[in-house]
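A quick note: this is a predicted structure, and the numbers were derived from the prediction, not measured. Indexing begins at 1, ligand by ligand and atom by atom, following the structure's order. No hydrogens, no waters, no symmetry mates; every other heavy atom, side chains included, goes into these values.
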Amino acid sequence: MEENKEVMSSNFIHSFIDEDIAEGGAYYGKKVHTRFPPEPNGYLHIGHAKAIFVDFGTAEKYNGICNLRMDDTNPTKEDVEYVDAIKEDIKWLGFDWEDRFYYASDYFEQMYGYAVELIKKGLAYVCELNGEQMREYRGDLNTPAKSPYRDRPIEESLDLFERMRNGEFEDGAMTLRAKIDLASGNFNMRDPVLYRINHMSHHRTGDKWCIYPMYDFAHPIEDAIEGITHSLCTLEFEAHRPLYDWVVDNISIESKPRQIEFARLGINNTVMSKRKLRQLVEENYVSGWDDPRMPTICGLRRRGYTPKAIRSFTDQIGVSKVNSVVEYGFLEHCLRDDLNENAKRAMAVLDPVKLVITNYPEDKVEEFEVENHPQNPDMGTRKVTFSRELYIESTDFMEEPFKKYQRLYPGNEVRIKSAYIVKCTGCKKDDDGNVVEVYAEYDPETRGGNTPDGRKVRGTIHWVNARDCIEAEVRLYDNLFTVPEPEAEDKEFTEFVNPDSLVVLKNCKLEKSLASAEKSDRFQFMRQGYFCVDSIDSTSDKLVFNRSVSLKDSFKKK
Ligand code: ATP
Ligand code: MG
C-alpha cells in the first residue's frame with residue numbers, strides 16, 4: 001500500500017455528506033459507507049479509476065468504509081478472470097475493502113422476496129407485453145403509457161411470478177413491473193420492468209435462476225442490504241434516482257441510502273467502454289487488455305504509470321456534475337510530475353552509432369561516479385565506465401549541420417555527459433552513404449565535463465561505453481487513435497487505430513548498471529523520457545523497456 005496518501009480535495013458530494021452527517025441530518029452519528037460496484041465483464045479502465053477514487057477516497061476522507069461489490073446481476077459475459085483483475089487493480093491503486101467483498105448475485109433470494117412484497121402491496125404486477133408492444137405503449141410527454149395488465153389481481157401476479165421463477169415461460173414472455181405512474185414525466189417511472197425472464201446460466205448461481213432483476217431494482221436493494229449511506233454513481237443514473245428512492249421506500253428495509261451522481265470521465269484519443277476495449281483485444285489491434293497503449297489500469301501499470309500519478313490525476317480533474325473530456329496530455333503530465341521527482345536517471349542510446357575517441361588509449365577504462373538524481377542526493381550515485389569506443393545517438397552527429405545545431409559535427413566541441421569534452425574530427429560512411437562511425441578527440445584537461453579555461457561548450461550528449469553496455473529492446477508508444485474522438489466519427493472507431501502507436505527498437509544500447517533492472521523498475525533515460533522494464537516480456541537475457549512518457553510536456557505548452 002502507498003504511503004503518504006493525499007486526502008481527496010473537497011467537492012460537491014462532500015458538501016452533501018457534510019449536511020447528512022451534521023446534527024439533524026439523515027446520517028447523523030453514522031459512519032459514511034460507500035461502495036464501488038463494477039460489473040465483472042471486463043478490465044477496469046481509467047474512468048473506473050475516477051469512480052474508485054470517488055468511492056474509496058470519499059470514505060477515506062470521512063474515516064468511513066467502502067465495499068467492493070461485483071455487480072453481477074446480469075448473467076452474460078462475466079468471468080472470474082475479471083474479478084481477480086479488478087481486485088488486483090484496486091489494491092494497486094492503494095485502496096482496501098478489507099473483508100467487505102460482495103457479489104450482488106448473493107442477494108437474488110432477498111431481491112425475489114422484496115419483489116413478492118411489492119406484489120402483495122399492490123405495487124408490482126406481472127405483465128405479458130413483449131418488448132415491441134411495451135415500446136409501442138410507452139406514450140410520449142403528452143400521452144401516458146398504456147399497460148393492459150396493470151390491474152391484474154394480486155393473487156394472479158403472485159402465482160405468475162412464482163411460475164416465472166420456476167421456468168414455466170419462455171424468455172420475453174412476461175416481466176414483473178412496478179406499479180408507479182403511467183403518466184410520469186420521467187419515463188423511468190412509467191411502470192418500469194423489475195424482472196425479466198432469461199434462461200441463461202449465471203457464472204455463480206448456475207441454473208438456479210431463470211429470472212433476473214433489472215439494474216434499477218437490484219442496485220438500491222444491494223446498497224440498502226449492505227447499509228450503504230451514500231451510493232455514488234455517474235450522471236446517467238440521475239433520471240433513475242426517483243426509482244431508486246421508490247424501491248428503498250416501498251420495501252421493508254431499514255437502510256435508506258442516498259444516491260449522488262457525478263460526471264463520467266472521458267479522455268480524448270482513446271475509447272473507454274469495456275465493449276470497445278474488448279473489441280480492440282479480440283480483433284488484435286492490441287496485444288491484450290494490458291497492452292501499454294490501453295487506457296485500462298493494467299495497461300497503464302504496464303506502461304509505467306504509478307498509483308500516485310493516477311490518484312493525482314483523478315484528484316486534479318475534480319468531481320463535478322458536468323461531463324467533460326480531459327486531454328490525454330494531462331494524464332501524461334501527472335505521470336511526468338511523479339517520475340521527474342522519483343525516477344532514477346540513466347543513460348540509454350536508442351538509435352546508436354559508434355563514437356571513437358581516437359586519441360584515447362586503447363585499453364584504458366575510466367570510471368565516473370554520477371548522481372542518480374540531479375536534485376535528490378538521497379537517491380545515491382552509480383558508476384559509469386568510459387573507454388575509447390562509445391555509442392551515441394545517431395541524431396547527435398551531423399556531417400553537415402543545420403543552423404544552430406550544437407551537437408557533433410566536424411570541428412565542433414561537445415560535452416560527453418559527466419565525462420569529457422570532445423572535438424569531432426569526422427566520420428566513416430558505408431557504400432550507401434550511411435554514417436557508421438564518428439570520430440573525435442578528447443581533451444584530457446576536461447575530466448568530469450568541466451572546462452578549466454572557462455570556454456563555452458554548448459552541446460551535451462548522453463552516451464554509453466561500447467565495451468560494457470547491454471542491449472535491450474525499447475518500445476515507444478503513441479496515441480492509440482489518430483483522432484481525438486474516435487467514437488464520434490461516422491466510421492467504425494477501429495478505422496482510426498494509429499498504425500504508428502507502437503514502434504519497436506531492437507538494437508538499443510544501455511549503460512551497464514541497467515543490467516540489474518527488475519521488472520517494473522522506472523528510469524529517466526536522459527534526454528529521452530521515462531521508461532520502465534516491461535513486466536511481461538522482459539527477461540534477464542533480453543531486457544525490454546517501455547517508454548512511459550516522453551520528456552516534453554505537450555500539456556503545459558497548450
Ligand atoms: P463501461 O461503459 O466502460 O462498460 P460501466 O459503467 O458499464 O462502464 P461498470 O463496471 O458498471 O462499468 O462501472 C462500475 C462503476 O464505475 C460504476 O459506478 C460506473 O458509474 C463507474 N464508471 C464507469 N465508467 C466511468 C467513467 N468513464 N468515469 C467515471 N466513472 C465510471
Ligand atoms: Mg455497466
Side-chain angles (χ1 to χ4, degrees), residues 8 11 13 34-59 66-74 76-79 81-87 89-90 93 95 97 101-105 203 214-216 218-220 222-223 226 228 230-241 244 257-282 289 294-300 310-311 313-326 328 330-331 485-487 493:
M8 186 178 188
N11 59 53
I13 296 176
T34 59
R35 87 288 171 262
F36 174 63
E39 191 177 347
N41 60 351
Y43 283 68
L44 298 180
H45 52 60
I46 183 74
H48 293 115
K50 175 175 178 179
I52 290 168
F53 187 71
V54 171
D55 294 328
F56 282 93
T58 298
C66 180
N67 294 0
L68 174 59
R69 181 199 311 147
M70 296 299 129
D71 207 338
D72 62 348
T73 52
N74 223 325
T76 52
K77 286 188 195 134
E78 284 152 351
D79 204 309
E81 175 199 345
Y82 298 136
V83 174
D84 293 341
I86 288 168
K87 286 178 163 178
D89 289 348
I90 299 173
L93 285 173
F95 294 109
W97 55 91
F101 173 70
Y102 303 108
Y103 287 95
S105 57
H203 76 124
M214 303 299 286
Y215 182 91
D216 284 341
H219 206 81
E222 296 156 21
D223 285 343
E226 292 177 15
I228 302 303
H230 295 88
S231 180
L232 313 177
C233 64
T234 37
L235 228 44
E236 67 273 20
F237 294 106
E238 192 167 27
H240 298 247
R241 193 190 331 136
Y244 183 101
R258 173 177 183 181
Q259 176 179 303
I260 304 172
E261 312 85 16
F262 61 91
R264 222 167 229 277
L265 166 66
I267 299 191
N268 68 11
N269 292 100
T270 190
V271 294
M272 216 117 84
S273 95
K274 278 180 282 193
R275 189 182 62 74
K276 290 187 175 134
L277 294 174
R278 187 180 308 107
Q279 194 178 336
L280 289 171
V281 173
E282 285 172 358
W289 286 93
M294 292 279 270
T296 48
I297 312 260
C298 54
L300 294 169
I310 295 177
R311 289 174 68 130
F313 170 76
T314 47
D315 196 38
Q316 288 187 67
I317 55 172
V319 181
S320 82
K321 277 267 185 193
V322 186
N323 278 324
S324 63
V325 176
V326 178
Y328 201 90
F330 185 59
L331 180 59
E485 291 183 72
E487 290 157 292
F493 75 100

query: Should Cys233 be listed as contacting ligand 1, given a heavy-atom distance under 4.0 Å as the test?
result: no

- request: Only counting residues at least two apart or in another chain, list the ones meeting salt bridge (Lys or Arg N to Asp or Glu O under 4.0 Å) with Glu485.
  value: none

[X] neighbourhood, listing ligand 1 atoms whose heavy-atom distance to it stays under 4.0 Å:
X: Ser273; result: 3 (O)
X: His45; result: 3 (O), 24 (N)
X: Met272; result: 3 (O)
X: Ala51; result: 16 (O), 21 (C), 30 (N)

- prompt: Using 30° and 60° as the class limits, which term best fits the ring planes of Tyr244 and His219: parallel, tilted or perpendicular?
  reply: tilted

- prompt: Polar-atom distance check: Thr234 versus ligand 1, any N or O pair below 3.5 Å?
  reply: yes

From Leu44 atom CG to Tyr82 atom OH, the distance as rounded to the nearest 0.5 Å: 11.5 Å

query: For atom 13 (O) of ligand 1, which candidate among His48, Glu39, Glu261 provides the closest heavy atom?
result: His48

statement: Looking only at non-hydrogen atoms, the one of Lys274, Arg275, Arg264, Lys50 nearest atom 6 (O) of ligand 1 is Arg264

- line: Shortest non-hydrogen pair, Ile13 vs Asn11, comes out as N-OD1, 2.9 Å

- prompt: Are Tyr215 and Glu222 linked by a side-chain donor-acceptor pair shorter than 3.5 Å?
  reply: no

statement: salt bridge (Lys or Arg N to Asp or Glu O under 4.0 Å) pairs touching residues 260-270, sequence neighbours excluded, are Glu236-Arg264, Arg241-Glu261, Glu261-Lys321

